[in-house]
Peer 1: 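Sharing a structure here in structure tokens format.
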Amino acid sequence: ESIPEPAQPRVLARAHVRGELAFEGVWMAYRNSPDVLKGVSFRVAPGERVALVGHTGAGKTSVISCLYRFYEIRAGRILLDGIDTRDLALPDLRRQLALVLQEPFLFSGTLAGNIRLGRDDITDAQVEAACKAVHIHDFILSRGGYGAEVQERGGGFSEGERQLLSFARALAFDTPILLLDEATANVDSHTEARIQEALQVLMRGRTCFVIAHRLSTIRDADRILVFHHGELREEGTHAALLAKGGLYAKLHAMQFKPAVGHPERRDMVGRPGA
């Protein structure tokens with residue numbers, strides 16, 4: 001959909017962006033569909049790690065779509081460091097954000113090119129430093145180095161390898177705000193351990209939104225926002241929300257309660273069969 005640009009946009013100086021975010025009474029719908037966010041309000045402090053949880057369709061990913069202005073909100077405001085995001089030029093707003101998806105996309109070209117994505121100001125040294133930080137450097141050397149060609153969509157790379165490359169990409173862009181949308185959902189438990197270690201490096205010093213079905217991956221979040229049918233129903237720490245005995249506690253019990261005849265835990269909230 002077409003997003004209007006402000007006639008006289010406010011200017012953000014990258015060195016001074018703190019990464020404070022606020023949703024104030026945000027309502028949002030996809031074209032002519034019913035509202036997917038209904039009066040959502042919350043604040044995120046600079047450097048805070050916030051997890052978004054809820055069943056599929058609860059509104060978690062819509063929060064990110066609104067923040068990026070992929071879609072226009074119907075009512076309310078979204079503020080970045082106190083500035084309404086509608087007063088910012090879209091490129092300026094999006095330069096402050098890095099998004100890591102459940103299924104990262106690799107383009108045809110070189111490995112280095114897939115990390116800098118056309119940003120000529122990201123040097124070879126910065127690309128290499130980012131890859132070392134998320135423990136993908138040695139793998140890249142084993143595949144022929146940073147100039148090695150990548151097939152379209154990353155053919156020949158595992159889910160975990162593509163995910164680590166996407167982490168290196170986000171780290172190289174060095175944004176104050178990091179958005180993780182199901183970033184560990186498609187990897188096995190062995191690879192997830194490496195990815196969790198890389199995530200700690202990636203999230204350090206950044207304002208972070210983490211969308212996750214696996215509640216085990218967000219227990220250490222500073223705060224958890226619980227969405228249900230487009231509304232923010234609960235917020236607090238993992239321990240506080242469990243003690244409250246509300247919606248989050250029910251999601252947690254559903255996820256970790258063994259199915260009859262199957263002692264292994266069910267680790268996907270909102271997925272078919274969970």
Side-chain angles (χ1 to χ4, degrees), residues 14 19 49 51-52 60-61 64-65 67-68 70 91 94-214 216-218 220-221 268:
R14 170 66 180 86
R49 298 182 183 185
L52 282 65
K60 307 180 298 295
T61 299
I64 291 179
S65 295
L67 185 55
Y68 260 97
F70 291 149
R94 293 169 180 171
R95 271 194 295 268
Q96 317 310 321
L97 311 168
L99 175 60
V100 179
L101 297 169
Q102 178 178 341
E103 297 182 2
F105 193 94
L106 296 185
F107 299 88
S108 58
T110 65
L111 279 166
N114 265 280
I115 293 169
R116 59 167 55 96
L117 291 182
R119 280 274 301 273
D120 294 333
D121 57 315
I122 298 176
T123 66
D124 290 342
Q126 289 171 316
V127 168
E128 185 172 323
C131 292
K132 286 180 177 178
V134 299
H135 310 298
I136 195 71
H137 173 71
D138 290 342
F139 164 76
I140 289 175
L141 295 184
S142 74
R143 296 296 293 261
Y146 289 87
E149 290 294 320
V150 178
Q151 300 174 28
E152 188 172 352
R153 303 186 68 87
F157 292 88
S158 71
E159 292 279 1
E161 290 159 355
R162 289 200 295 271
Q163 199 62 279
L164 288 172
L165 285 168
S166 73
F167 289 173
R169 178 188 291 166
L171 191 60
F173 273 63
D174 192 24
T175 62
I177 300 169
L178 176 65
L179 311 168
L180 303 170
D181 191 352
E182 299 288 356
T184 64
N186 285 344
V187 297
D188 58 68
S189 57
H190 173 72
T191 306
E192 186 176 353
R194 292 178 60 208
I195 284 179
Q196 289 296 334
E197 185 178 348
L199 272 176
Q200 297 308 309
V201 175
L202 184 58
M203 292 191 293
R204 192 174 300 143
R206 292 177 170 81
T207 302
C208 300
F209 281 79
V210 182
I211 295 177
H213 278 304
R214 295 178 183 176
S216 60
T217 65
I218 49 90
D220 294 331
M268 289 289 184

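Just so it is clear, the values below take in all heavy atoms, side chains as well, and ignore hydrogens, waters and symmetry mates.
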Peer 1: Under 3.5 Å, is there a donor-acceptor pair between the side chain of N114 and the main chain of L106?
Peer 2: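 Side chain of N114 to backbone of L106, a donor-acceptor pair under 3.5 Å: no, none is there.
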Peer 1: Any side-chain heavy atom of L165 within less than 4.5 Å of one from V134?
Peer 2: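 The answer is no; the side chains never approach within 4.5 Å.
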Peer 1: Of all the heavy-atom pairs spanning T110 and G147, show the shortest one and how long it is.
Peer 2: CG2-O, 3.6 Å
Peer 1: What verdict does the side chain to side chain contact (heavy atoms under 4.5 Å, CB included) test give for T61 and D181, after you've listed the backbone C-alpha separation in whole Å, the side-chain angles of each residue and the deciding distance to 0.1 Å?
Peer 2: CA-CA 7 Å; T61 299; D181 191 352; 3.3 Å; yes
Peer 1: Can you check side chain to side chain contact (heavy atoms under 4.5 Å, CB included) on L179 and L67, steps first, answer last?
Peer 2: CA-CA 10 Å; L179 311 168; L67 185 55; 3.9 Å; yes
Peer 1: How many angstroms lie between OH in Y146 and CD1 in I115, if you round to the nearest 0.5 Å?
Peer 2: 6.5 Å
Peer 1: Measure from the side-chain N and O atoms of Q163 to the backbone N and O of L101, and report whether any donor-acceptor pair falls under 3.5 Å.
Peer 2: yes
Peer 1: For the atom pair CD (Q96) and CG (L178), what is the distance rounded to the nearest 0.5 Å?
Peer 2: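 Q96 atom CD to L178 atom CG measures 13.5 Å (nearest 0.5 Å).
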Peer 1: Cation-pi check, R143 to F157: give yes when NZ or CZ is under 6.0 Å from the six-membered ring centre and within 45° of the ring axis, no otherwise.
Peer 2: yes
Peer 1: Is any side-chain heavy atom of H135 less than 4.5 Å from a side-chain heavy atom of L164?
Peer 2: no
Peer 1: At their closest point, which heavy atom of S166 faces which heavy atom of V100, and how far apart are they?
Peer 2: OG-CG1, 3.5 Å
Peer 1: Checking side chain to side chain contact (heavy atoms under 4.5 Å, CB included) for the pair M203/V210: CA distance, chi angles, key distance, verdict?
Peer 2: CA-CA 10 Å; M203 292 191 293; V210 182; 4.2 Å; yes
Peer 1: Would the distance check show the side chain of Q126 and the main-chain N or O of T123 forming a donor-acceptor pair, the cut-off being under 3.5 Å?
Peer 2: yes
Peer 1: Which pair of non-hydrogen atoms, one from L171 and one from A133, has the smallest distance, and what is that distance?
Peer 2: CD2-CB, 3.5 Å
Peer 1: Enter the distance from D138:CG to C131:SG here, rounded to the nearest 0.5 Å.
Peer 2: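 Result: 10.5 Å between the selected atoms.
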Peer 1: Could you tell me whether D121 atom CG has more than 12 heavy atoms of other residues or ligands within 6.0 Å of it?
Peer 2: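 Yes, enclosed.
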Peer 1: Tell me whether the NZ or CZ atom of R119 lies within the 45° cone about the ring axis of F173 and under 6.0 Å from its centre.
Peer 2: yes
Peer 1: How far apart are the C-alpha atoms of V150 and F107, what are their side-chain angles, what is the distance that settles it, and do they pass the side chain to side chain contact (heavy atoms under 4.5 Å, CB included) test?
Peer 2: CA-CA 7 Å; V150 178; F107 299 88; over 6 Å; no
Peer 1: Please check if the number of heavy atoms outside Q151 that lie under 6.0 Å from its CD is greater than 12.
Peer 2: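 It does not: Q151 CD has 12 such atoms or fewer within range.
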Peer 1: Flag the pair R116 and D124 as a salt bridge only when some basic side-chain nitrogen lies within less than 4.0 angstrom of an acidic carboxylate oxygen.
Peer 2: yes
Peer 1: State, to 0.1 Å, how close L180 and L202 come at their nearest heavy-atom pair, and which atoms those are.
Peer 2: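 Heavy atoms only, the tightest pair is CD2-CD2, 4.5 Å.
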Peer 1: Do D174 and R206 meet the salt-bridge criterion of a basic N to acidic O distance under 4.0 Å?
Peer 2: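 Salt bridge flag = yes for D174 with R206.
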Peer 1: Return yes if some donor-acceptor pair links the side-chain N/O of T207 with the main-chain N/O of I177 below 3.5 Å, else return no.
Peer 2: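 Checked: no pair found.
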Peer 1: What heavy-atom pair brings A212 and I218 nearest, and what distance separates the two atoms?
Peer 2: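 What the structure gives for the nearest pair is CB-CG2, 3.9 Å.
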Peer 1: Is a donor on one side and an acceptor on the other found under 3.5 Å between the side chain of E161 and the backbone of S158?
Peer 2: yes
Peer 1: If every non-hydrogen atom of A130 is compared with every non-hydrogen atom of A172, which pair is closest and at what distance?
Peer 2: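 It is CB-N, 3.9 Å.
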